A.B. asks: 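Mind looking over this structure? Questions follow.
Owing to the predicted nature of the structure, the values given are computational and were not obtained by experimental measurement.
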Amino acid sequence: MSNTLAIKRNFDVKKFISQNSIWLVLVIMVVGLQIVSPVFLSTNNLRTMLEGESIKGIIAFGIMWTILSKGIDLGAGSIVALVSVITASLVQPIGAANKLFPELAALPGWAAALVGIAIGAAIGAIVGAIIAYTKIPPFIATLGTQLICRALAKMYSTQPVSNLSDDFRIFAKGKLFGVIPSIVIIFLIVFAISGFLLTQTRFGKNIFAIGGNDHAARVAGINVERNLIKVYIWSAVCAAIGGVLLAARTGSADPSTYGLNYELDAIAAATIGGTSHTGGVCRVSGVLAGILVLGVINNGLVLLSVDDNMSNVIKGLIIVGAVIIDMRKNARKK
């Protein structure tokens, strides 16, 4: 009896709600949507929602690192487009009607995916080095990346690239045990890697320190520049994985529309998931919840036949509201 009372006394309800508020919001949203639209929790609808949000979720697990370091990445969506068209052009069978390079034999799907990821890593290294060594604000550097990568994607191909090989499409269209979509499995793997890096490695601890106070991090012996480069490499690699999966899922790649505004959804997910724009605060489980919340919102609006533009209105309000709440929390701490 005394142990039970001690547990009750030690359990802080307010703290629990504060730390898990995003999950409570998610549960309330799920229950509410199921009431107004009984098909919401159907297997087909949940599978469709998870497949659709997995790509943006993977990007969010990259962008959360840039926010944690007190930066941002506005170039992720354009990296998605660039990597999509390049990898798609490498896996078009010889007989494809609109083959971009008629004389080039199709690469194996895994090889094209590695090329795409390598391109993402190279872009991230360049952007990270510019931010780290020139001290240009990440907003400006990654805005430039957004414009350049989108332009390069359109220069690479002036039209959508389609007719992709089956061994490439399996990355997104395959199913584990015939049930779990491979794209969701990859999403969960990136989530697990991000969580491990964030909580179990020196790299993760260094980024927390840099985001909290980069001057103090330098005094503590942390190589700020090298770690920032790694952050932007990881963010760009996540975007590149998203580009590969988007092309694999749709069987094509459009340089004009693919990845458009994906970085905004990723930033929204990280922000409402508790990643602080003042730096030094991030929980990967919170970002996961943020991704699911946005997925439920997007899916719910479709089920309720709400105008598409309303989705952006809601996401915009969520981002602004989450930042206001975050700023108030930090003000109280000071």
A.B. asks: Holding to side chain to side chain contact (heavy atoms under 4.5 Å, CB included), I want the full list of residues that pass it with I189, two or more places apart in sequence or in another chain.
C.D. replies: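 I189 satisfies side chain to side chain contact (heavy atoms under 4.5 Å, CB included) with I185, I193 once adjacent residues are dropped.
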A.B. asks: Around D166, counting heavy atoms of other residues, nucleotides and ligands shown, do more than 12 lie under 6.0 Å from its CG?
C.D. replies: no
A.B. asks: Enter the distance from K70:NZ to S276:OG here, rounded to the nearest 0.5 Å.
C.D. replies: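 The OG atom of S276 is 9.0 Å from NZ of K70, to the nearest 0.5 Å.
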A.B. asks: Check for me, please, whether I55 and L264 land in the same ILVMFWY cluster - side-chain distances under 4.5 Å, paths through other members count.
C.D. replies: no
A.B. asks: Evaluate the side-chain proximity of F171 to W110: yes if any heavy-atom separation is below 4.5 Å, no if none is.
C.D. replies: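 Counting from C-beta outward, W110 and F171 do come under 4.5 Å.
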A.B. asks: For atom NZ of K175, is the number of surrounding heavy atoms from other residues, nucleotides or ligands below 6.0 Å larger than 12?
C.D. replies: yes
A.B. asks: Looking at every heavy atom in both V284 and M64, which two are closest together, and how far apart are they?
C.D. replies: CG2-CE, 3.8 Å
A.B. asks: Taking all non-hydrogen atoms of both residues, which atom of I59 and which atom of A266 are closest, and how far apart?
C.D. replies: CG2-CB, 3.7 Å
A.B. asks: Hydrophobic clusters here meaning ILVMFWY residues chained together by side-chain heavy-atom distances under 4.5 Å, can you tell me if I63 and L188 are in one?
C.D. replies: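 Per the 4.5 Å side-chain linkage, I63 and L188 are co-clustered.
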A.B. asks: Under a 3.5 Å threshold, yes or no: a donor from one side chain and an acceptor from the other, between S165 and D167?
C.D. replies: yes
A.B. asks: Between K56 and I291, is a side-chain contact (heavy atoms from CB on, under 4.5 Å) present by the stated rule, with each step listed?
C.D. replies: CA-CA 8 Å; K56 295 176 183 177; I291 294 163; over 6 Å; no
A.B. asks: Only one of T275, V231, I267 forms a side chain to side chain contact (heavy atoms under 4.5 Å, CB included) with T66, so which one is it?
C.D. replies: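 Looking at T275, V231, I267, the match for T66 under the side chain to side chain contact (heavy atoms under 4.5 Å, CB included) is V231.
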A.B. asks: Which residue pairs satisfy the ring pair (Phe, Tyr, Trp, His ring centres under 6.0 Å) criterion with at least one member in residues 189-213, sequence neighbours excluded?
C.D. replies: F61-F191, W65-F203
A.B. asks: State, to 0.1 Å, how close T199 and G195 come at their nearest heavy-atom pair, and which atoms those are.
C.D. replies: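 In terms of heavy atoms, the two residues are closest at OG1-O, 2.8 Å.
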A.B. asks: Would you say that L245 contacts I58 through its side chain, given a criterion of any heavy-atom pair below 4.5 Å between the two side chains?
C.D. replies: yes
A.B. asks: Which residues satisfy the side-chain hydrogen bond (donor to acceptor under 3.5 Å, both in side chains) test with T257, sequence neighbours excluded?
C.D. replies: D254
A.B. asks: Taking atom CZ of R226 and atom CG of N206, what is their separation to the nearest 0.5 Å?
C.D. replies: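 Here the interatomic distance stands at 10.5 Å.
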A.B. asks: Walk me through whether Y232 and I123 qualify under side-chain contact (heavy atoms from CB on, under 4.5 Å).
C.D. replies: CA-CA 9 Å; Y232 285 90; I123 294 171; over 6 Å; no
A.B. asks: Under a 3.5 Å distance rule, please check whether N298 uses its side chain to pair with a backbone N or O of L294 as donor and acceptor.
C.D. replies: yes
A.B. asks: With heavy-atom distances below 4.5 Å as the criterion, would you say the side chains of D265 and N261 are in contact?
C.D. replies: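 Sidechains of N261 and D265: no contact.
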A.B. asks: List for me each residue that meets side chain to side chain contact (heavy atoms under 4.5 Å, CB included) alongside V115, sequence neighbours excluded, and say none if there are none.
C.D. replies: L90, I119
A.B. asks: Are P255 and Y156 close enough that some pair of their side-chain heavy atoms sits under 4.5 Å apart?
C.D. replies: no
A.B. asks: List for me each residue that meets side chain to side chain contact (heavy atoms under 4.5 Å, CB included) alongside S84, sequence neighbours excluded, and say none if there are none.
C.D. replies: V80, L246, A247, A253, Y258
A.B. asks: Mind checking the CD1-CD1 spacing from I67 to I207? Nearest 0.5 Å is all I need.
C.D. replies: 13.5 Å
A.B. asks: Assess whether side-chain contact (heavy atoms from CB on, under 4.5 Å) is satisfied between L33 and L304, documenting all intermediate values.
C.D. replies: CA-CA 9 Å; L33 265 176; L304 299 175; 4.2 Å; yes
A.B. asks: Does R169 use its side chain to pair, donor to acceptor, with the backbone of A248 at less than 3.5 Å?
C.D. replies: yes
A.B. asks: Quick check: is L292 connected to V39 through a chain of hydrophobic side chains (ILVMFWY, heavy atoms under 4.5 Å apart)?
C.D. replies: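 Yes, because V39 and L292 connect within a single hydrophobic cluster, where side-chain heavy atoms sit under 4.5 Å apart.
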A.B. asks: Just by modelled atom types, is the G174 backbone N or O under 3.5 Å from a matching donor or acceptor in the S182 side chain?
C.D. replies: yes
A.B. asks: Answer yes if L114 and V83 sit in the same cluster of Ile, Leu, Val, Met, Phe, Trp and Tyr residues linked by side chain heavy atoms under 4.5 Å apart, and no otherwise.
C.D. replies: yes
A.B. asks: Can you name the residues that form a side-chain hydrogen bond (donor to acceptor under 3.5 Å, both in side chains) with S157, not counting sequence neighbours?
C.D. replies: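 Once residues adjacent in sequence are excluded, S157 has no partner under the side-chain hydrogen bond (donor to acceptor under 3.5 Å, both in side chains) criterion.
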A.B. asks: Mind checking side-chain hydrogen bond (donor to acceptor under 3.5 Å, both in side chains) for N163 and listing every partner two or more places apart, or none if nothing turns up?
C.D. replies: N98
A.B. asks: Work out which heavy atom in E51 is nearest to a heavy atom in P181; give both atom names and the distance.
C.D. replies: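 What the structure gives for the nearest pair is OE2-CG, 3.2 Å.
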A.B. asks: Can you measure from CZ (R202) to CD1 (I222) and round to the nearest 0.5 angstrom?
C.D. replies: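 The CZ atom of R202 sits 9.0 Å away from the CD1 atom of I222.
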A.B. asks: So with a 6.0 Å cut-off around CD1 of I170, is the heavy-atom count from everything else above 12?
C.D. replies: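 Not buried by this count: 12 neighbours or fewer within 6.0 Å.
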A.B. asks: In terms of hydrophobic clusters joined by side-chain contacts under 4.5 Å, are I22 and L317 together?
C.D. replies: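 Looking at the clustering, L317 is in the same group as I22.
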A.B. asks: Does G295 offer a backbone N or O that forms a donor-acceptor pair with the side chain of N299 under 3.5 Å?
C.D. replies: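 No; zero donor-acceptor contacts below 3.5 Å.
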A.B. asks: Roughly how far, to the nearest 0.5 Å, is CD1 of I148 from CG of L82?
C.D. replies: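 These two atoms lie 11.0 Å from each other.
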A.B. asks: Can you name the ring-ring contact (aromatic ring centres under 6.0 Å, His included) partners of Y133, sequence neighbours left out?
C.D. replies: none
A.B. asks: List the atom of G116, the atom of A240, and the distance in Å for their closest heavy-atom pair.
C.D. replies: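 It is O-CB, 3.5 Å.
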A.B. asks: Taking the hydrophobic residues Ile, Leu, Val, Met, Phe, Trp and Tyr, and joining any pair whose side-chain heavy atoms are under 4.5 Å apart, which ones share a cluster with I35?
C.D. replies: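 Hydrophobic cluster check, I35: joined to V27, V31.
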A.B. asks: List the atom of K154, the atom of S256, and the distance in Å for their closest heavy-atom pair.
C.D. replies: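 Closest approach of K154 to S256: CE-OG, 3.8 Å.
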A.B. asks: Could you list the residues that satisfy side-chain hydrogen bond (donor to acceptor under 3.5 Å, both in side chains) with S37, not counting sequence neighbours?
C.D. replies: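 None.
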A.B. asks: Output every pair passing salt bridge (Lys or Arg N to Asp or Glu O under 4.0 Å) with a member in residues 130-140, not counting sequence neighbours, ordered by first then second residue.
C.D. replies: K135-E225
A.B. asks: Quick one, F40 with L303, criterion side-chain contact (heavy atoms from CB on, under 4.5 Å). Give me CA distance, side-chain angles, the key distance, then yes/no.
C.D. replies: CA-CA 8 Å; F40 175 71; L303 292 177; 3.9 Å; yes
A.B. asks: Using a 4.5 Å cut-off on heavy atoms from C-beta on, say whether the side chain of L198 contacts that of C282.
C.D. replies: yes
A.B. asks: Just verifying a value: how many Å separate R150 CZ and I79 CD1, rounded to the nearest 0.5 Å?
C.D. replies: 11.0 Å
A.B. asks: For a quick test of your reading: what N or O donor-acceptor pairs under 3.5 Å do the side chains of residues 139-147 make, sequence neighbours left out?
C.D. replies:
residue, atom, partner, partner atom, Å
T142, OG1, L74, N, 3.1
T142, OG1, P138, O, 2.7
T145, OG1, A141, O, 3.0
Q146, NE2, L74, O, 2.9
Q146, NE2, E263, OE2, 3.1

